[in-house]
Amino acid sequence: MDFYSLFEIQEHEKEIVVMLNNWLPVGIIDGHLHCWQNHFGRTLINPSAKIPGATFNSFPWELHLWVMSGLFFRVRWSAVAIGSPGDFSANNNNNYIHKLSTTNHNILPVLLAERWNSSLFIERMLVRKFVALKMYPTRKQKSSLAAKITDVFPNEVLEAVNKNSSAIILHLPRDIFSGVGELMDLADKYRNIKFVIAHMGNIYCYRSDLRFVLREIKKRTNILLDTAMVADSQVVAEALRTLGPGRVIFGSDAPFGYLRGRYIDVGDKKSIFQSQIPFNWVAPNVHCLYKEEKKGFRMMYLNIILSIKDALNILDKQNNHEVKEQLFYLNAKNIFRR
Ligand SMILES: [Zn+2]
């Protein structure tokens, strides 16, 4: 597979890229991006990845810059940078990101912590080096019906973050529907923490009961949502309508946001990602089901921005510069800081 051709604009995307270059604000902060550098001797694509998060062995900052210069040449671009969600050393990830942020002021570095890190270590890192904290649910927690937020972010860690008034990027163990009760309690208990819920609470396809859960969330002003990998304009519109534009942050989940594909609702409140490229984690018997449509798949990065644009259109705010500025720049700037 020619790695670089993955990130070049395809014919059917050209018009959209031009249109978005004109529509986007001149300064953007991508509120959710992964960036890490691995040791030599590995290919950039991991041929045996079993999950999308393990697709790339490495994705250094220079590569992001290269992809972005092909997409949004008009935009001044910054990013809230998190290390690899794959199985690589958090320590190496953090050193790399922190070092980058000392020479690039357009990188806002996020600490990736592991379960055995002490709350004192996390607190020190947040004071000195990082703008937010991310911890991941284990694969077991993701599939467990009983997994709680405090299994991922233990209470002593949340206390340290609260003391420092930092943000956490929270990938819910399951989704916003099953996690909302605990989330509300934690947001009430730790009022200085900004809870940024990644992937809009893992809701990739619209559900009519979404408004009820959003109405609950509205009551805690320290809960925000990021749009990483969410390309359903109805989901985004519902969040903007209920929470207002001050509580939604544009995020792409790049480099995974550079993949071409779409989410489809498969019923039973589940959705799956269909990828243009048959990566190792794509089941061949499923991939052949959409072989005609896949040619028209766009980069998720474009789809995410388009869904925000469409959502603003639904709300009649498509050309409201202040709102665009909030979603693509100001909210992230205000939340992710030391
Ligand atoms: Zn992510």
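Since this is a predicted model, take the numbers as computed values, not measurements. Atoms within a ligand are numbered from 1 in the order they appear, just like the ligands themselves.
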### Query
Looking at the rings of Trp77 and Trp61, which for Trp means the six-membered one, are their centres under 6.0 Å apart?
yes
### Query
Does Arg247 use its side chain to pair, donor to acceptor, with the backbone of Gly244 at less than 3.5 Å?
no
### Query
Would you say the ring centroid of His34 lies under 6.0 angstrom from that of Phe59?
no
### Task
Assess Arg115 against Tyr136: is NZ or CZ under 6.0 Å from the centre of the six-membered ring, and within 45 degrees of the ring's axis?
no
### Message
Using ring centroids (six-membered ring only for Trp), state whether Phe195 and Tyr190 fall under 6.0 Å.
### Response
no
### Query
Between Phe250 and His32, does the ring centre distance come in under 6.0 Å?
no
### Query
Near the Zn ion (ligand 1), which protein N/O/S atoms are found at less than 2.8 Å?
His32 NE2, His34 NE2, Asp253 OD1
